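Comments concern the structure below.
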Amino acid sequence: MEYNFQEIEAKWQKIWRDSKVYKTEIDLQKSKYYVLDMFPYPSGAGLHVGHPLGYIASDIYSRYKRQKGFNVLHPMGYDAFGLPAEQYAIQTGQQPAVTTEQNVKRYREQLDKIGFAFDWDREFRTCDPDYYKWTQWTFIQIFNSYYCRKCDKARPIAELVEAFAKSGTEGLDVAQTEPMDFTAEEWNAASEKEQQEILMNYRLAYLADTWVNWCPKLGTVLANDEVVNGLSVRGGFPVERKLMKQWILRVSAYAERLLEGLDRVEWTDSLKEIQRNWIGRSEGAAVWFPLAKQEASDWKDIYMGQYDGPHHETAFEIFTTRPDTIYGVTFMVLCPEHEMIDAITTPEHKAEVEAYVTWAKNRSERERQAEVKKVSGVFTGAFAVNPITDEQIPIWVSDYVLSDYGTGAIMAVPAHDSRDFAFARHFNLPVRQVVAPSLEEVSDPDTWKESLDSKTGVCVNSGFITGMTVKEGGKAMIERIKTLGVGYGTVNYRLRDAIFSRQRYWGEPFPIYYKDGMPYAIPEEELPVTLPYVDEFKPTETGEPPLARAQNWTYKGFPMEYNTMPGFAGSSGYYLRYMDPHNAEQYFSKEANDYWQNVDLYVGGAEHATGHLIYSRFWNKFLFDMGLCCKDEPFQKLINQGMIQGRSNFVYRVVGTNQYVSLGLKDQYETTPIHVDVNIVHNDVLDLEAFKQWMPEFADAEFILEDGKYICGWEVEKMSKSKYNVQNPDDLVEKYGADTLRMYEMFLGPVEMSKPWDTNGIEGVFRFVKKFWRLYHNAEGEWIVSDEEPTRAEFKTLHKTIKKIEDDNEKFSFNTAVSAFMICANELAEAKCNKRKILEPLCVLISAYAPHVAEELWAELGHTDSVVNASFPAYDDSYMQENDFTYPVSFNGKMRLKMTFPVTYGLQEIEPILMADAGVQKWLDGKTPKKIIVVPKRIINIVL
RNA sequence: GCGGAUGUGGCGUAAUGGUAGCCGCGCCAGACUUAGGAUCUGGUGGCGAGAGCCGUGGGGGUUCGAGUCCCCCCAUCCGCACCA
């Protein structure tokens, strides 16, 4: 009987499941190793071949680590809350809980067929109340915390309340929304509601009016990472800016630690770089530009002279990374949302400014981004004072200044900033050069075509910093600003706080109720707050989120929060729950966390770089500050599996006919390419009969063939149903078996690399698995393993393979490992080696890749325990040693001869033999070599 | 515009600075077959009859020796993008 993968795979999958071989428990005798995949969102479409790529890689590694003696935690679950289930619910009226359950079931079936070593006893879904209880619990902890900059960590808000009661805001150094200033007396005199409002300014989860990305089509706000080019990532709908009251996580408080932590994790440089850019640290200065009186000369009347906080009635705080260019400031620009615009605009400019601000605020994100190069703006009629030069400068409003970065106000230095330059040219504002490559190279900026943005050079026309380099000038300027009391050196981050409210149904409800208009946390012992039943998932008539439809959505008579949490809430701390998934009293026990610590290897897509992977790190750092988890970074090593693109096939219809012309001949006709289902194409050859039956319109198709075959064209595209290029793993498992699929997915290329899915090569891997099987079974399927002692050459084949597989596993180089198995099988087949002593260790090696075949052979070898519990075989170097070695001998790097020497010979012994050789003499041609280079076991080079 | 990565046969890919193209697909030839989308054997970068010569996007450099290291250019992909 031939290799029957269907029978073997079904048999072992059942045994693994029944006997729970992959169940993991804390074992203090063993070192732990935690391997995690980014858990999937169970969509209605099921898994496609791209999903398992990362899972297979992590599965191989966790099986390998287990055989290396580690206690490996390798769990799986589902990120089950989210938009698609709800969209589907809106369309069909089905409860998301029901469709999610169906999808999860389908996913599980598909995953099981691939033979993963997951500990399914630890499975949970983010929509399980037992799990989201802890998402809610963590939210309450965040809500009840503030960020202390002095100790550089989150602290209970109660400490802050105590401090306020004792000394107000004096000496406070904390993360906050707006700077605040009050005394202990003022605090103590404040009402409960007023105190709660003040605390909102400091909480790590706070409620505030904010400009949000509002997606009308989805009916919800979106986080920055959920919007690309003004369109929602889910669905691709336009996104508008809207001022709304939202829950926000003060992620920005952790900006510096999120940045610093990157130096301590083993992620790819490109991913770290993406996060660094997203965090966007810039060093510079905050400078205070006081408002001038309308009458030009006596601005000093209102000039504060002392930096003492943002008194927006009298001055503007700006942020600049170029304090060295402050002498070149010729105007200021405020963002259209700036709260001072109304107050400063002069009557004669009022109408114009209002019109502009209204226009700018109502533009959609997409319009704004599409027209980035278009300069627009308006003069307010007001002037500010440059605190260094005492000059008056006009204040403009323009949407090229963003409200949510820095202070929403800038000092414009048109000579040295391209955006300011474009603005100055458009509105004919002065341009003043203050930086030049050298003191001699000063020119007339009126003749410039573009600004000089370079951060190297020297300061010119710049008072006391003239002649200094840009770097020195900047430092000196910050000192001066400090001395004058008009600013300070500071750091700004691009990273924004994360909006945490979604106007959706299918998410975690907030454990929050409202009393007197202020939010309060529901007591922890009453968690979870379970998602209530609603019969419709659309917003209400009044525009309230769907939870407003729920009956009795109140707590002790007080209204509850209508928003739900965003998708990233449930995925931010799920890896911690896997450590102790059934704990009813705690998120996870200290014992479990002390043992499992954090994820050693995390495998997932790079598309989460600025979303999940930031939020998770924030979440983890917060819990670390609370003393709940022992590691401050959640994911020690991270591998980004590449995306699997689709490989579409095409047929070419001759225009106006039902004739289809093969790829090689299509240039002779006028044709239209038509997508054809990749499942009826094999190695780019079309199955003509299947094509005719595929769709009625092709039933009487005629073909123009080349060499009797119809060759299809192909192209790499996104995998999608409409392109008929979706490869479903089930079909491949059905046809070739899970072991072949697993090895083929690895064989495609390095895990990290994006590549098109191409089934053309799968036959090769299938042949290998069959060949491997046949080494130990005859045509009748009988076991033909011999107990004969292997030869030295056979041992060499084995140990070469052990070494290679071990190295490749450690390097996550699974594609080359598969090649190594093939080479090994080829060598054994050639030697007709079917010996037990070779097969036994080989079985262990290959079990990580092809677990079903390995398990079957392992059992046939007489083992009663699963091969996952076997030890990784030891490598024996002694079989590698050769008796002699053939060196290529080259002259000046050109290879000319091959000579054989015993391996044990050193250079001293080789040299005389070498020089006496007739062939060498010929090439030396009487010359004395300058140098002889021997690279052990590789090459001899004679330098003439 | 800024940042990151990648360029090797017809294709996917492989090469601690040391004989470039391992392994697989495809293709060619052969064997066994009633048959082959089964299995096995051999061949397969280009040029050349041959010895040999030329070949890792292009151009320089370091080195006895470069796909690999350094500099410049070109192309493709990805991320960010009015972030002051």
Side-chain angles (χ1 to χ4, degrees), chain A residues 2 228-229 268-278 280-282 284 318-322 325 333 335 368-369 371-375 398-402 404-413 416-420 422-423 453 492-496 606-607 609-610 642-643 682-685 687 714 744 747-750 752-756 758-765 767-768 770-771 774 779 807 813 815-826 829-830 886-895 898 929-944:
Chain A
E2 269 286 301
V228 175
N229 294 328
T268 61
D269 289 342
S270 78
L271 196 82
K272 286 186 188 180
E273 211 48 46
I274 291 172
Q275 288 214 342
R276 286 193 189 105
N277 289 342
W278 189 259
R281 184 183 203 273
S282 331
I318 61 95
F319 173 73
T320 179
T321 54
R322 297 293 302 276
T325 62
V333 188
C335 66
R368 212 178 59 76
Q369 294 197 3
E371 295 171 13
V372 157
K373 295 246 156 59
K374 251 192 197 166
V375 176
S398 172
D399 67 354
Y400 85 87
V401 175
L402 305 177
D404 51 2
Y405 181 77
T407 57
I410 62 151
M411 63 175 216
V413 186
H416 306 293
D417 181 286
S418 52
R419 297 151 303 177
D420 296 345
F423 195 81
D453 291 9
N492 235 302
Y493 299 92
R494 211 188 69 107
L495 183 71
R496 312 287 152 89
E607 68 272 18
T610 56
M643 297 258 268
H682 307 282
N683 293 327
D684 291 337
V685 177
D687 180 334
W714 61 274
Y744 183 59
F747 185 68
L748 273 177
E752 310 86 347
M753 203 179 272
S754 281
K755 55 227 156 192
D758 183 350
T759 319
N760 285 350
I762 198 168
E763 302 276 351
V765 175
R767 267 173 218 153
F768 156 75
K770 284 189 287 189
K771 180 186 266 184
R774 274 199 310 270
D807 289 352
S813 178
N815 56 326
T816 54
V818 175
S819 294
F821 283 124
M822 291 179 174
I823 294 167
C824 177
N826 287 345
E830 184 149 354
T886 303
Y887 290 82
V889 181
S890 62
F891 297 83
N892 281 345
K894 302 269 183 198
M895 221 255 298
K898 278 188 181 170
K930 279 195 199 128
K931 224 197 276 187
I932 298 175
I933 295 152
V934 178
V935 178
K937 290 199 172 188
R938 281 218 186 144
I939 199 164
I940 297 173
N941 191 23
I942 299 177
V943 184
L944 298 178

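In this text, all values refer to a predicted model and were calculated from it rather than measured experimentally. Lettering follows sequence order; numbering is per chain, from 1.
- Look at OH on A/Y744: it is 10 Å from P on B/U13, rounded to the nearest Å.
- In this structure, the CD atom of A/E830 is 16 Å from the C1' atom of B/U39, given to the nearest Å.
- A distance-only check finds a donor-acceptor pair linking the side chain of A/D420 to the backbone of A/V413 [under 3.5 Å].
- As judged by a 4.0 angstrom heavy-atom cut-off over every strand, A/V401 is placed among the base-contacting residues.
- Comparing B/U19, B/G79, B/U16 by their nearest atom to the side chain of A/P888 picks out B/U19.
- If you take CG on A/N815 and OH on A/Y744, they are separated by 12.0 Å, rounding to the nearest 0.5 Å.
- Base engagement by A/I933 is indicated by at least one non-hydrogen atom pair under 4.0 Å involving a base atom.
- Rounded to an integer number of Å, the gap from CG of A/D399 to C1' of B/C82 is 9 Å.
- Here the side chain of A/K770 is nearest to one of B/C25, B/U39, B/C22, namely B/U39.
- The residue A/R281 sits apart from the nucleic acid: no heavy atom pair falls under 4.0 Å.
- Minimum heavy-atom separation, A/I933 to A/V943: CD1-CG2, 4.1 Å.
- Comparing A/W278 and A/Y405 by the nucleotide of RNA chain B that holds the closest heavy atom to each, the one mapping nearer the 5' end is A/W278.
- OP1 and OP2 of B/U19 both lie 4.0 Å or more from every side-chain N or O belonging to A/N941.
- The side chain of A/E273 lies closest to B/G4 when the candidates are B/C64, B/A84, B/G4.
- Note: A/Y405 and A/F319 have perpendicular aromatic rings, judged against thresholds of 30 and 60 degrees for the angle between ring planes.
- At B/A14, one or more side-chain N or O atoms of A/N815 fall inside 4.0 Å of OP1 or OP2 (strictly under the cut-off).
- Under the 90° criterion around 0 for the glycosidic angle, B/G9 counts as syn.
- On the P atoms, B/C23 is 14 Å away from B/A14, given to the nearest whole Å.
- Looking at heavy-atom distances under 4.0 Å, A/N760 makes contact with sugar-phosphate atoms alone, never a base.
- Following rounding to the nearest Å, A/N277 (CG) and B/G79 (P) show an atom-to-atom distance of 13 Å.
- A/Y887 places its OH atom 21 Å from the P atom of B/C64, with the value rounded to the nearest Å.
- A donor-acceptor pair is defined here as one N or O able to donate and one able to accept, closer than 3.5 Å; such a pair exists between the side chain of A/R494 and the backbone of A/N277.
- Using a 4.0 Å cut-off, some side-chain N or O of A/R774 falls inside it from OP1 or OP2 of B/C40.
- When the nucleotides B/C80, B/U19, B/U13 are ranked by their closest atom to the side chain of A/P750, B/U13 comes out on top.
- Nearest nucleotide to the side chain of A/K755, out of B/U13, B/G24, B/A84: B/U13.
- Annotation: B/G10 and B/A5 have their P atoms spaced 29 Å apart (nearest Å).
- OP1 or OP2 of B/C64 lies within a sub-4.0 Å distance of a side-chain N or O belonging to A/K931.
- Closest to the A/K771 side chain, of the nucleotides B/C40, B/G24, B/G18, is B/C40.
- Across B/U8 and B/U76, the matching P atoms stand 14 Å from one another, rounded to whole Å.
- Among the nucleotides B/C23, B/G4, B/A84, the one closest to the side chain of A/S270 is B/G4.
- Spacing between B/G17 and B/A81 at atom P, rounded to whole Å, works out to 37 Å.
- Between B/A81, B/A84, B/A15, one nucleotide has an atom nearer to the side chain of A/T816 than all others, and that is B/A15.
- Here B/A14 presents its P atom at 11 Å from CG of A/L748, a figure rounded to the nearest Å.
- Among the heavy atoms of the strands, none lies under 4.0 Å from A/N492.
- Within the 4.0 angstrom heavy-atom criterion, only backbone atoms of the sugar-phosphate kind lie near A/I274; the bases stay farther away.
- Nucleic acid contact class of A/S282 (heavy atoms, under 4.0 Å, all strands): sugar-phosphate only.
- In this structure the side chain of A/C335 never reaches within 4.5 angstrom of the side chain of A/L402, judged on heavy atoms.
- The CZ atom of A/F747 sits 10.5 Å away from atom OG1 of A/T816, with the distance rounded to the nearest 0.5 Å.
- A/L495 has its CG atom 12 Å from the P atom of B/A81, to the nearest Å.
- Comparing the same atom, C1', in B/A20 and in B/U56 gives a spacing of 7 Å after rounding to whole Å.
- Rounded to the nearest Å, the gap between the P atom of B/G55 and that of B/U68 is 14 Å.
- When all heavy atoms of A/T321 and A/S282 are compared, the closest pair comes out as CG2-CB, 3.6 Å.
- Between A/D404 and A/R496, some side-chain heavy-atom pair lies under the 4.5 Å cut-off.
- Taking the side chain of A/V943 as heavy atoms from C-beta on, and the options B/U13, B/G18, B/C64, the nearest nucleotide is B/C64.
- The same atom, C1', is picked in B/G61 and in B/A66; the two are 11 Å apart, to the nearest Å.
- Contacts of A/I823 with the nucleic acid, taken as non-hydrogen atoms under 4.0 Å apart, involve only primed sugar atoms and P, OP1 or OP2.
- At the phosphate of B/A81, OP1 or OP2 sits under 4.0 Å from a side-chain N or O atom of A/R494.
- Counting any heavy atom pair closer than 4.0 Å across all strands shown, A/M411 reaches no nucleic acid atom.
- A/R767 comes within 4.0 angstrom of sugar-phosphate atoms only, judged by non-hydrogen atoms across all strands, and of no base.
- With rounding to the nearest 0.5 Å, the separation of CD1 in A/I274 from CD in A/E607 is 10.5 Å.
- A distance of about 15 Å separates the C1' atoms of B/U16 and B/G67, rounded to the whole Å.
- Of the two residues near RNA chain B, A/D269 and A/D404, the one whose nearest nucleotide lies more 5' is A/D269.
- Distance CZ (A/F423) to C1' (B/A84): 14 Å, rounded to an integer number of Å.
- A/K771 places no side-chain N or O within 3.5 Å of a backbone atom of A/M822 that could act as its donor or acceptor partner.
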> Could you spell out the base pairing of RNA chain B in dot-bracket, with Watson-Crick or G-U pairs whose two distances are under 3.5 Å, [ ] crossing and | to another strand?
Replying inline: (((((((..(((.....[....)))((((((.......))))))(((....)))..(((((..]....))))))))))))....

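- The minimum heavy-atom distance between A/A609 and A/L271, with the atom names listed, is CB-CD1, 3.5 Å.
- OP1 and OP2 of B/A84 both lie 4.0 Å or more from every side-chain N or O belonging to A/Y400.
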